[in-house]
Chemist: 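Next up is a structure, given as C-alpha cells.
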Number of protein chains: 2
Amino acid sequence: MVDMNKILIVDDDDELRENLAEILSRRGFHIDEASSGEEAIKKASSDQFDIVLLDLMMPGVGGMDVLTELKKSKPRTKVIMITAFATIDNAVEAIKKGASDYISKPFQIDNLDVTIRRVLEESKFDISAKNLGLDHTLSSLTNYIRREIIKLLHINKSLHLMETTRALEIEDHTKVVFHLKMLKESGLIKQDKEKAYSLTKEGENALDCLKILESHLSS
Amino acid sequence: MVDMNKILIVDDDDELRENLAEILSRRGFHIDEASSGEEAIKKASSDQFDIVLLDLMMPGVGGMDVLTELKKSKPRTKVIMITAFATIDNAVEAIKKGASDYISKPFQIDNLDVTIRRVLEESKFDISAKNLGLDHTLSSLTNYIRREIIKLLHINKSLHLMETTRALEIEDHTKVVFHLKMLKESGLIKQDKEKAYSLTKEGENALDCLKILESHLSS
DNA sequence: GGGATATGTGAAGTATAGTTCACATGCTGT
DNA sequence: ACAGCATGTGAACTATACTTCACATATCCC
C-alpha cells in the first residue's frame with residue numbers, strides 16, 4: 001500500500017482517539033496518533049501527513065495553536081478541525097487560518113469519512129498548495145547564505161553542520177543551524193541518521209533555477 | 001559613443017562640481033550633475049549610472065544617506081566618496097556601506113581619473129554585483145502579489161495602477177503601489193510616460209524562471 | 001468650478017525574517 | 001571520568017518587509 005493516505009489524529013480523549021484510529025485504519029488509512037498539542041507538532045513536523053484530524057479543545061497547547069504552527073511549517077498538510085461543541089465562531093476562525101474543514105462532536109464516522117475523502121479529493125486540484133510550495137521555495141532562495149549552502153551541498157554531495165559552517169566562514173554555528181532548518185522545512189535539503197545534510201531532488205531543481213536566473217541576469 | 005561610461009557628480013559646491021564635470025566630460029565620460037542629496041537620489045533612481053561621485057559633506061540629505069539609499073535601490077551602481085577632509089573614519093564607514101572607494105579633497109584630477117578607471121575595471125569582474133542583482137530579483141519574486149502582477153503584465157502587456165489593482169481584487173491601491181515600486185526597483189517592470197506599467201526583458205526572464213520552478217515543484 | 005477617478009507620498013504600525021547569546025546534550029578519545 | 005568538539009534549542013533582540021491610513025496632486029468631464 002504505497003499510496004495509502006496518512007492521517008494524524010490529535011485528541012486528548014484517549015478512548016475517542018483510539019476508537020477513531022482503529023475504525024479509520026480498517027477503512028484503509030495509515031493512522032498515527034497524538035494525545036497533546038506538543039506531541040502533534042512534533043509528529044507532524046518530523047513526518048509527512050496528508051491530513052491532520054485536530055481537536056480544538058485540548059489542555060496546554062490548544063488545537064488552534066497547532067493549526068497555526070502546522071500551516072507555517074507544513075503548509076500543504078490538510079487540517080480538519082474537531083470542535084467539541086458546535087462553536088461556529090471557532091470553526092470560522094480555524095477556516096480562516098487555513099483549516100480545510102471541521103466537524104462537530106458528536107459525529108457519525110461515516111460523516112467524518114466523507115469529509116476526509118472530500119478534502120483529499122480537493123487537495124488533488126489544489127492550486128494554492130502549489131503556490132504555497134513555490135512561496136516556500138522562493139523564500140528559501142532569497143537568502144544569500146542559503147543559496148551558498150545549496151551550492152556547497154551540490155558540490156560536496158553531503159556535509160555536516162560544522163563542515164558547512166567552516167566552508168562558509170561563519171563564526172556562529174547557530175546561524176547556520178537556523179538556515180539549515182529553513183532549508184529542511186522547505187524540503188530543499190534533507191538530513192540522514194548520521195546528521196549529514198544533502199540536497200533533495202527539489203533542492204537540485206532549485207539550484208538549476210538559480211543557475212538559469214543567474215545567467216539570465218548577466219545577459 | 002554607445003559604451004561611454006555615465007557618471008553622476010554630486011556636490012553642493014557649484015564651482016568644484018562644474019569644473020569636475022567639464023574636465024571629466026573632456027576625458028570621455030558622460031556626465032550628469034546633482035547639487036544636493038535629494039537631487040542625487042532622484043537622478044540616480046530614474047537613470048542608470050556606472051559611477052556616482054559623491055560628496056560626503058552636504059547640507060540636508062548627506063552623502064552617507066545618499067549612499068545608503070543608492071545601495072538599496074541600485075546596488076550595482078558604484079559609488080566613489082569625496083571627503084572634504086581626510087576623515088578616515090567616515091571613509092571607512094562608507095566603504096562598509098558599500099562605497100567602492102574614496103578620495104580626499106583637495107585632490108588631483110589625474111588621481112581621481114585613475115580611481116574612476118580602476119573602479120570601472122573592477123566592476124567588470126564583479127561577482128558580488130551579480131549576487132546582489134540575484135538577491136533583488138529573488139526577493140521580488142518571493143512575494144505572491146508581485147508574482148501575480150508579473151503574470152498579469154505578461155498577459156496584458158501593459159496596465160495602469162488601477163487596472164492592476166482591480167484585476168488583483170485588492171481594495172487598497174497603495175498596497176499595489178508599494179509592490180509596483182518594488183518591482184520597478186528590481187528592474188523587472190518599467191513605467192512609460194502615460195504611467196502604464198509593463199514587463200522589462202528581465203521581468204520576462206523572471207517569469208520564465210517562475211514557470212520552471214512551478215513545473216519542477218509539481219513533478 | 002467642482003465632483004469623480006487616477007496616481008502617488010509619508011508616517012506609523014504589524015508581521016516576519018534573521019541574528020546572537022546562553023545553555024543543553026551527546027559522543028569520542030585518553 | 002572528563003576535556004573537547006559537534007549538534008542543537010529557546011529566548012531576546014534587531015532588521016526588513018509588508019500593510020494601513022491620512023493626505024496630496026493632477027486630470028477629466030459636465
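Chain letters run A, B, ... following the sequence lines, proteins first, then strands; residues in each count from 1. Just so it is clear, the model here is predicted, and its values are computed rather than measured.
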Chemist: Looking at A/His30, I'd like to know if its NE2 atom is crowded, meaning that more than 12 non-hydrogen atoms belonging to other residues, nucleotides or ligands lie closer than 6.0 Å.
Modeler: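 No, not enclosed.
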Chemist: Working to the nearest 0.5 Å, report the span between CG of B/Leu138 and CZ of A/Arg146.
Modeler: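 The CG atom of B/Leu138 sits 11.0 Å away from the CZ atom of A/Arg146.
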Chemist: Taking only N and O in the side chain of A/Asn143, is any of them less than 4.0 Å away from OP1 or OP2 of C/dA17?
Modeler: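 For C/dA17, neither OP1 nor OP2 has a side-chain N or O of A/Asn143 closer than 4.0 Å.
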Chemist: Using whole Å, what does the distance between atom P of nucleotide D/dT9 and atom CD of A/Glu38 come to?
Modeler: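 Atom-to-atom, A/Glu38 to D/dT9, this comes out as 16 Å.
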Chemist: Under 4.0 Å between a Lys/Arg side-chain N and an Asp/Glu carboxylate O for B/Arg118 and B/Glu121?
Modeler: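 Salt bridge between B/Arg118 and B/Glu121, a charged N being under 4.0 Å from a carboxylate O: no.
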Chemist: Return the nearest nucleotide to the side chain of A/Val177; candidates are C/dT9, D/dC18, D/dG8.
Modeler: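 Per side-chain heavy atoms of A/Val177, the pick is D/dG8.
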Chemist: If you only use heavy atoms from C-beta on, which nucleotide in C/dT20, C/dT19, D/dT7 is closest to the side chain of A/Phe178?
Modeler: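 When the side chain of A/Phe178 is considered, C/dT19 is the closest of C/dT20, C/dT19, D/dT7.
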Chemist: Please work out if B/Ser139 contacts a base, only the sugar-phosphate, or nothing of the nucleic acid, heavy-atom cut-off 4.0 Å.
Modeler: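 Contact class for B/Ser139: none.
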Chemist: Can you tell me which nucleotide in C/dT7, D/dA22, C/dT20 comes closest to the side chain of B/Met162?
Modeler: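 Of the candidates, C/dT7 comes closest.
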Chemist: Can you figure out which of C/dT7, C/dT9, D/dT7 approaches the side chain of B/Leu161 most closely?
Modeler: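 Of all the options, the side chain of B/Leu161 is nearest to C/dT7.
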Chemist: Whole-Å distance between C/dG18 P and A/Leu180 CG?
Modeler: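 My rounded result for the distance is 13 Å.
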Chemist: Rounded to the Å, how far apart are B/Ile145 CD1 and D/dT19 P?
Modeler: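 In whole Å, D/dT19 P lies 5 Å from B/Ile145 CD1.
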Chemist: What is the distance, rounded to the nearest whole Å, between atom CG of A/Leu159 and atom C1' of D/dA6?
Modeler: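 In whole Å, D/dA6 C1' and A/Leu159 CG are 14 Å from each other.
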Chemist: Indicate, with a heavy-atom threshold strictly under 4.0 Å, whether B/Thr142 touches base, sugar-phosphate, or nothing.
Modeler: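 Answer is nothing: B/Thr142 stays at 4.0 Å or more from every strand.
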Chemist: Please state whether the phosphate of D/dC5, meaning OP1 or OP2, lies under 4.0 angstrom from any side-chain nitrogen or oxygen of A/Arg166.
Modeler: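 So the side chain of A/Arg166 is outside the cut-off, no N or O lying under 4.0 Å from OP1 or OP2 of D/dC5.
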Chemist: When you measure from the side-chain N and O atoms of A/Arg146 to the phosphate of C/dA17, is any distance below 4.0 Å, counting only OP1 and OP2?
Modeler: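 For C/dA17, neither OP1 nor OP2 has a side-chain N or O of A/Arg146 closer than 4.0 Å.
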Chemist: Hey, is the side chain of B/Tyr197 poking within less than 4.0 Å of OP1 or OP2 on C/dG8, counting only N and O atoms?
Modeler: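 So the side-chain polar atoms of B/Tyr197 do come within 4.0 Å of the phosphate oxygens OP1 or OP2 of C/dG8, strictly under.
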Chemist: Give the rounded distance in Å between these two atoms: CD of A/Glu163 and P of D/dC5.
Modeler: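 After rounding, the reported distance stands at 16 Å.
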Chemist: Please report the distance, rounded to the nearest Å, between CD in B/Glu194 and P in C/dA6.
Modeler: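 Spelled out: CD on B/Glu194 to P on C/dA6 is 17 Å.
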Chemist: Is the closest basic N to carboxylate O distance between A/Asp55 and A/Lys105 below 4.0 Å?
Modeler: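 A/Lys105 and A/Asp55: salt-bridged.
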Chemist: Remember a base hit wins even if backbone is also touched, and classify B/Gln191 as base, sugar-phosphate or nothing at under 4.0 Å, heavy atoms.
Modeler: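 Contact class for B/Gln191: sugar-phosphate only.
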Chemist: Quick one: is D/dA26 close enough that its OP1 or OP2 comes under 4.0 Å of any side-chain N or O from B/Lys195?
Modeler: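 No, no such contact exists.
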Chemist: Of the listed nucleotides (D/dA22, C/dA22, C/dG18), which one gets closest to any side-chain atom of A/His179?
Modeler: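 My answer, after comparing the listed nucleotides, is C/dG18.
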Chemist: Taking CD from A/Glu171 and C1' from C/dC21, how many angstroms apart are they, rounded to a whole number?
Modeler: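 Those two atoms, CD and C1', are 14 Å apart.
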Chemist: Begin from the C-alpha positions of A/Glu204 and A/Lys201 and carry the test salt bridge (Lys or Arg N to Asp or Glu O under 4.0 Å) through to its verdict.
Modeler: CA-CA 5 Å; A/Glu204 297 284 356; A/Lys201 187 81 184 54; over 6 Å; no
Chemist: Any side-chain N or O of A/Lys175 less than 4.0 Å from the OP1 or OP2 oxygen of C/dC21?
Modeler: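 Answer no for this pair, as no side-chain N or O of A/Lys175 is under 4.0 Å from OP1 or OP2.
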Chemist: Could you tell me how far apart A/Leu138 (CG) and D/dA17 (P) are, to the nearest whole angstrom?
Modeler: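 So the two atoms are 15 Å apart, to the nearest Å.
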Chemist: If the cut-off is 4.0 Å, is A/Tyr144 near the phosphate of C/dA17, judged by side-chain N/O to OP1 or OP2?
Modeler: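 Answer is no, no contact under 4.0 Å.
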Chemist: Could you check whether B/His173 gets within reach of a base, just the sugar-phosphate, or nothing at all, counting any heavy atom under 4.0 Å?
Modeler: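 Touches a base.
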Chemist: Determine whether B/Lys195 and B/Leu161 make a side-chain contact, defined as any pair of heavy atoms from C-beta on separated by less than 4.5 Å.
Modeler: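 No, side chains not in contact.
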